[in-house]
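Have a look at the structure below before the remarks.
Lettering follows sequence order; numbering is per chain, from 1.
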There are 2 protein chains.
Amino acid sequence: MRFKIKRKKKKTNKIKQADKFQIIPLGGIGEIGKNMFVINYNDEIIVVDAGLAFPEEEMLGVDMVIPDITYLLENIGKIKAILLSHGHEDHIGALPYILPKINVPIYGTRLTLGLLKVKLEEFGLHQSTVLSEIVAGEEIEIGSFRVQFFATNHSIPDSVGFVVKTPVGNIVYTGDFKFDHTPVQGRGTDFHSLAEIGKEGVLVALADSTNAERPGYTRSESRVGETLKEIFLAAEGRIIIASFASNVYRIQQIVDAACFSGRKLAVDGRSMVNVVEIAQRLGYLRIPPFTLIDVEEVKSFADDRVVILTTGTQGEPMSALARLSNSTHRKLEIVPSDTVVIAANPIPGNEKLVSRTIDNLFRQGAKVIYEDTSGVHVSGHGSQEELKLMLSLLRPRYLIPVHGEYRHLIHHAELAEKMGIKKENILIVENGTTMEFTSDRGRILNSVAAGGVFVDGLGVGDVGNIVLRDRQVLSRDGIFIVVIAMDSKTKNIIAGPDVFSRGFVYVRESEELLDEARENASQVLDNLEQKKISDWTTIKNNVRDSIGKFLWEKTGRRPMILPVIMEI
Amino acid sequence: MRFKIKRKKKKTNKIKQADKFQIIPLGGIGEIGKNMFVINYNDEIIVVDAGLAFPEEEMLGVDMVIPDITYLLENIGKIKAILLSHGHEDHIGALPYILPKINVPIYGTRLTLGLLKVKLEEFGLHQSTVLSEIVAGEEIEIGSFRVQFFATNHSIPDSVGFVVKTPVGNIVYTGDFKFDHTPVQGRGTDFHSLAEIGKEGVLVALADSTNAERPGYTRSESRVGETLKEIFLAAEGRIIIASFASNVYRIQQIVDAACFSGRKLAVDGRSMVNVVEIAQRLGYLRIPPFTLIDVEEVKSFADDRVVILTTGTQGEPMSALARLSNSTHRKLEIVPSDTVVIAANPIPGNEKLVSRTIDNLFRQGAKVIYEDTSGVHVSGHGSQEELKLMLSLLRPRYLIPVHGEYRHLIHHAELAEKMGIKKENILIVENGTTMEFTSDRGRILNSVAAGGVFVDGLGVGDVGNIVLRDRQVLSRDGIFIVVIAMDSKTKNIIAGPDVFSRGFVYVRESEELLDEARENASQVLDNLEQKKISDWTTIKNNVRDSIGKFLWEKTGRRPMILPVIMEI
């Protein structure tokens, strides 16, 4: 009985706690572990987005990075829903890895859920997941929260931001956005909702900072369409155009430009084929009849009657465009009359790969059009003037700049400060930082576990710093293995040392070096045997030190040295 | 006697051959093996520049890449000299690796040779190398050639281009250049010489293509000085400024801005200290007395009286700036009132490292100024209008665009074509392509060996594709080693299989997997033993296949699998 009374006391506390809510970014600040935010009110949690990041250069062998969900697992009973703002990988890509552990309803717009479904089917999770379709403008109830969705513009259709309404105050999450007054498909940003939301009062805004360094306005997506039409008309041969598969607006404009210039359209590359199919089926992409042809049919048409839409804007070595650039594409080959258009900018880190692809396309004789100076790409994120407009509409008391590297958050904060938001009300935090808000005050509490979890093959989280450090050593100078066999009774060495190396030197031309190294190990072992030392750790350490020193002197390299003792 | 007659015949042939010369780029086209050109006339060879390149991402563990000099070694008796255009690494950096094999006189200007000397001393080559100092404007004789040097502007002082004069016609090598009408140190481009050279007639020009994609003019270096003065005056705390060590003009302007704003200057970072010393000694850098202080003394001055000049503009992890950004610098620490200026743009491929450094500096609270939009950097290479001006001055019959990636050569060629140079007279080639010119005709002959030679530690050329491929496999998924001991007489397995892995999984948490893998190998070996199969290749192949399949199914990874058999 005493327990019950205690529990009641706790409950009273909880009602008091309900005068405040907490916001925690588990990803979305800086590079690692993209986009996941937690809103915790009245012991109920809403998760906002669940994205993946691509590995940094030093994360050798890692396929992708997802947010650390330790905090969510510790509070699993409280989680009511996951809200999705749009269908980009850095906002939905972590779901297949998270849903097996946290199975809660997912809310998103039609296209977002359509793209997600494909993933869930791949992972066999489509049966077990509850997907709730929402429409921009709608307001729904989730636990103690009311959530209103508003339409935004971004480089994928059906993007939304949302207001999470609590008795303490309202929280706005902008998602990725730009303001496009001449959008490709009618649906612009819902300025009126944004104005009303601002009027109603916003306690905290989490806002996109990606382009906070860029002055002015981001150009409208529809500008790209005009440029494409000109290029398609002017080109004397085939058009091969690479685009992000998810940018359905861009694809629509490519379709339109193809029709406008009297060309047929062939779609190449698995992800592009998938998205075109989904977007058409869900009504986000309109392709006139008799426009699409199969890649195999390209040959049957005159060169100046064809557009080939493909993937590989980032120079990914296995992508269709990279294969075209180095003549390893199964179905197509570049000919000198081709015009290749790369309708996207390199994502930071991919510059070299893109640059190499462009060089190789030029080598094949193609004309190559690339970079946003040529007008074939515009960003999906708002520049400084748009970030300011958003703040003017929302007038948040607190701003949490999100989405972007640290310096983008700083620049966003500077803009906000100039607009009159108090410096102390702009919270630049790291992933994991817990922020608590009452109706009139926000403060930073402790930090929870956050950061990137590595996905490598089937393993999620099993590759950590030790494995990575080994891969780094192996990648630089390879491995050198010394094997000996020891008599388990006499502790005498009865065979070896034998030496093997991989990734260290070209073995066939380095026999002398390997012989000398073997001799070096032999001497170490002889010395130890004379001293009657037979403990494995000492043997291994001595071999490692001596061989390491020898190889460094001879080659200036430090391979991983692995002594192996077999007891017989 | 017959031989002698034959020889005479050959000589007659040779005199005929002297009606033509050959030009071969051994580096300087595309990314690999930077800047080395061969001019071959009358069986005499002049080598132009000898640069190094930094490794591409996939060249794991490689320290640098130098040109393949097989052709030079095959023609070693003919080589008369190496001419240097300026002191940048991509034009002189390969010399320490080449000089031990090809010891010929080196011609360069004072600063170029000054920088080279430091390298030669490091490699113990200063005694054995003949350095001949030349002065812009001078004309010298080398074998059958006359060579005239002309002053150019670039991001390092004492840069020159040259005309190599032969009876067949004149060859101009521009070196890296821009046209700077307001240079920092009086010496501008020698327009008059260029005009005369053009008037005299240029058969072939090899011209810098680096900025062929950029419209307009490159801004003058002296513009940076104005910006720096403003920044230094406005900053309320310390200035920490990173620059390329070799850009002595930039350093001069930093010195000037420090004096102008009443600040002392501390120089940090080994290469920066070296260059400041050499440039001062040779008269290329003027630092007023009482300006320089030691880094240790920085603390003794008020924050707004100090400038710290350092290295690390490329975010190199071991550089002073990177260490400052993550608080591992031995002598200095960032404080929030600091202004950090990065007076250089990222070299393609370094964007991520630079970006991370900037983020970390912001995290430490510093104000960070970077990118050329802020006016703290200008390029050292001429933009399109400057490339055109060079062509207008030289009026070459043949143009070989060099220095730059393939697409830059293409863009340079397009400019030249628009200016009236015949398309067939613009030779876009790859490294190794031999071009032969008579007084009125150029043509492409065969190709000679060319391409990058990898330097890794002390090894030059001993790391090739096999070693690199191994390193790539190791870097992605690590290594899995299976060791067995076999009785040399009975061919029975008497110990093992033992298994070891590195860089594959975290061993402590994967014991079960490793046990299962060992069991898998055991079964393979049992099967083979039952079938009386004891040949090593079969055993190794079977183990490799079976374990490979098993690990792929369990982990989705493909480590290198190395079966090791010890015979006892």
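- Note on B:Arg363 versus A:Glu405: no salt bridge recorded, every NZ/NE/NH1/NH2 to OD/OE distance being 4.0 Å or above.
- Comparing A:Gly503, A:Gly457, A:Gly556, A:Gly61 by how many heavy-atom pairs each has under 4.5 Å with chain B, the most go to A:Gly503.
- Only the side chain of B:Leu562 comes within contact range of chain A, with heavy atoms under 4.5 Å apart.
- Between B:Tyr370 and A:Arg407, some side-chain heavy-atom pair lies under the 4.5 Å cut-off.
- Between B:His408 and A:Phe362, the distance from one ring center to the other does not fall under 6.0 angstrom.
- Within a 6.0 Å sphere centred on NZ of A:Lys491, heavy atoms belonging to other residues, nucleotides or ligands number more than 12.
- Remark: B:Asp462 CG to A:Phe504 CZ distance equals 8.5 Å, nearest 0.5 Å.
- A salt bridge between B:Lys352 and A:Glu351 is absent, with no side-chain N of the basic residue lying under 4.0 Å from a carboxylate O of the acidic one.
- When the shell of 6.0 Å around CG of B:Asn465 is examined, it contains 12 or fewer heavy atoms from other residues, nucleotides or ligands.
- Taking CZ of B:Arg471 as the reference point, atom CG of A:Asp477 lies at 5.5 Å (rounded to 0.5 Å).
- Here B:Ile479 contributes atom CD1 and A:Ile479 contributes atom CD1; the two are 4.5 Å apart, rounded to the nearest 0.5 Å.
- Contact annotation for A:Ile481: only side-chain heavy atoms (C-beta onward) come within less than 4.5 Å of a heavy atom of chain B.
- In terms of heavy-atom pairs under 4.5 Å with chain A, the best-connected choice from B:Val564, B:Ile466, B:Asp456, B:Ile358 is B:Asp456.
- In this structure, CD1 on B:Ile29 lies 11.5 Å from CG on A:Asp359, to the nearest 0.5 angstrom.
- Neither the backbone nor the side chain of A:Glu414 comes within contact range of chain B; no heavy atoms are under 4.5 Å apart.
- Atom CD of A:Glu512 has 12 or fewer heavy atoms from other residues, nucleotides or ligands within 6.0 Å.
- Within the 4.5 angstrom heavy-atom criterion, only side-chain atoms of A:Phe500, from C-beta onward, approach chain B.
- At a 4.5 Å heavy-atom cutoff, the contact between A:Ser355 and chain B is made by backbone and side-chain atoms alike.
- Per-residue counts of heavy-atom pairs under 4.5 Å with chain B were compared for A:Ser501, A:Gly496, A:Ser510, A:Ala495; the largest is that of A:Ala495.
- Proximity to chain B is absent for every atom of A:Leu361, based on heavy atoms less than 4.5 angstrom apart.
- Residue with the most contacts toward chain B among A:Leu468, A:Ile494, A:Val483, A:Asn350: A:Val483 (heavy-atom pairs, distance under 4.5 Å).
- Between A:Leu474 and B:Gly478 the shortest heavy-atom distance is CD1-CA, 4.1 Å.
- For a residue to count as touching a neighbouring chain, one of its non-hydrogen atoms must lie under 4.5 Å from one of that chain's; by this rule A:Gln472 does not touch chain B.
- For A:Arg558, no part sits under 4.5 Å from any heavy atom of chain B, backbone or side chain.
- In this structure, the side chains of A:Asp498 and B:Glu567 stay at 4.5 Å or more apart for every pair of heavy atoms.
- Heavy-atom neighbours of B:Lys540 NZ from other residues, nucleotides or ligands within 6.0 Å: above the threshold of 12.
- Heavy atoms from other residues, nucleotides or ligands lying under 6.0 Å from CD of B:Glu57 number 12 at most.
- Atom OG1 of A:Thr555 sits about 6.5 Å away from atom CG of B:Leu458, to the nearest 0.5 Å.
- With no hydrogens or angles considered, no side-chain donor-acceptor pair links A:Arg476 and B:Ser475 at under 3.5 Å.
- For B:Arg469, no part lies under 4.5 angstrom from a heavy atom of chain A.
- Among A:Val62, A:Val467, A:Val463, the residue with the largest count of heavy-atom pairs under 4.5 Å with chain B is A:Val467.
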